[in-house]
Amino acid sequence: MLGTIVNVVLIIVGSVIGSIFKRGMKESYQDILMQGMGLAVTALGVFSISKHMGNSQYPVLFIVSLAVGSIVGEKLDMESRFKNLVSRISKGNLAEGLSTAVLLFCIGTLSIVGPIESALNGNQTYLFTNAILDLITSMVLAATFGIGIALSAIVLFCWQGFFYMAAGYVADFITPELLTEISIIGGVLILSSGLSILGVKKFKTMNLIPALLFPVVYLTVKSLIARLLQM
């Protein structure tokens, strides 16, 4: 868990540093930083989609996943629940920043493979690399949305902690093809966050998050059926 703890600490440190910068900023600088952050997040989403789309063996899976996931998310009304929860802590647009932070910190190869490598092989390289990236990202996000971004460290700890504790059980199912599909959908969600920050359109990004589960279910069932047929 050392790598995850380092990752969590650096997110908190980055959030504190970013929030200090935010306090001394004029409103005009905060506005332009918000625009810059929106463009950066949008670019990261487009990059993730374009990078992994060509490697997908199931070109329609991400479409079906988004369709099914959006219906489930809307039924659960995850967006409103999340905003109501965050509004008890802080006013303003922290919910938008937190949802973006959670996606950027958690939905990626390093944050999934890292804790598994740490648990099975004692290799902290992925997590340390991820921690440095998250330090920089949290600084920029906190300078844009405030100290509340530090709360994303709790989600990251639970996320990576799950993969660390369950490494022996899930390692065989975390295949390159699954990571590819998750990265494509994650890229779409990150893109929607970027467009929301820019004010192009306010997407209910949290309601789309269940889409990430569909490839997991589909490919896991497919793998289990294949194994049963070989017996």
Side-chain angles (χ1 to χ4, degrees), residues 1 3-4 6-8 11 41-70 72-73 99-134 136-137 152 155-194 205-206 208-227:
M1 289 289 285
T4 294
V6 170
N7 204 159
V8 167
I11 287 175
V41 173
T42 300
L44 287 172
V46 171
F47 174 75
S48 182
I49 296 168
S50 60
K51 178 182 178 181
H52 297 284
M53 188 73 77
N55 298 324
S56 177
Q57 299 178 33
Y58 311 93
V60 183
L61 182 58
F62 85 98
I63 300 174
V64 177
S65 298
L66 286 167
V68 175
S70 63
V72 173
S99 62
T100 302
V102 168
L103 289 170
L104 290 174
F105 295 155
C106 297
I107 310 305
T109 301
L110 293 176
S111 203
I112 296 174
V113 177
I116 294 175
E117 271 289 305
S118 175
L120 298 181
N121 304 313
N123 180 13
Q124 309 292 340
T125 305
Y126 291 124
L127 288 176
F128 286 160
T129 302
N130 197 56
I132 297 299
L133 294 172
D134 289 350
I136 299 169
T137 305
S152 61
V155 180
L156 179 88
F157 181 81
C158 295
W159 174 261
Q160 291 187 1
F162 164 77
F163 285 107
Y164 183 89
M165 300 300 294
Y169 301 99
V170 303
D172 291 340
F173 296 100
I174 306 298
T175 60
E177 61 181 2
L178 176 57
L179 288 173
T180 294
E181 300 306 321
I182 289 177
S183 295
I184 293 171
I185 297 169
V188 174
L189 300 187
I190 291 170
L191 174 61
S192 74
S193 288
T205 305
M206 294 301 295
L208 297 173
I209 283 182
L212 292 164
L213 296 176
F214 192 82
V216 177
V217 174
Y218 175 78
L219 292 176
T220 299
V221 171
K222 179 175 176 288
S223 176
L224 290 174
I225 292 175
R227 291 182 185 183

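Just so it is clear, the structure is predicted and the values come from calculations on it, not from any experiment.
- For S99, the side chain to side chain donor-acceptor pair (under 3.5 Å) test picks out no residue, with sequence neighbours left out.
- Residues passing the side chain to side chain donor-acceptor pair (under 3.5 Å) test with S111 are Q160, sequence neighbours excluded.
- Under the ring-ring contact (aromatic ring centres under 6.0 Å, His included) criterion, Y218 pairs with Y58, not counting sequence neighbours.
- Atom-to-atom distance recorded for T180:OG1 and K51:NZ is 9.5 Å, nearest 0.5 angstrom.
- The nearest pair of heavy atoms linking I185 to A211 is CD1-O, 3.6 Å.
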Apply side-chain contact (heavy atoms from CB on, under 4.5 Å) to residues F105 and V8 and explain how you reach the verdict. CA-CA 10 Å; F105 295 155; V8 167; over 6 Å; no
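- When the side chain to side chain donor-acceptor pair (under 3.5 Å) test is applied to S118, the partners found at least two apart in sequence or on another chain are Q124.
- Remark: Y164 pairs with no residue by the ring-ring contact (aromatic ring centres under 6.0 Å, His included) rule, at least two apart or across chains.
- In this structure the side chain of L110 reaches within 4.5 angstrom of the side chain of L133, judged on heavy atoms.
- Within the 4.5 Å cutoff, the side chain of L127 has no heavy atoms near those of the V6 side chain.
- With rounding to the nearest 0.5 Å, the separation of CG in L219 from OG1 in T175 is 6.0 Å.
- Nearest heavy atoms, S183 versus S48: O-OG, 2.9 Å.
- S152 approaches I11 most closely through the heavy-atom pair OG-CG2, 3.9 Å.
- Counting heavy atoms from C-beta outward, L103 and V41 have side chains that stay 4.5 Å or more apart.
- Atoms CD1 and CD1, on I190 and I49 in that order, are 8.5 Å from each other to the nearest 0.5 Å.
- For N123, the side chain to side chain donor-acceptor pair (under 3.5 Å) criterion is met by E117, T125, not counting sequence neighbours.
- Here the closest non-hydrogen pair linking Y126 and G114 is CB-CA, 3.6 Å.
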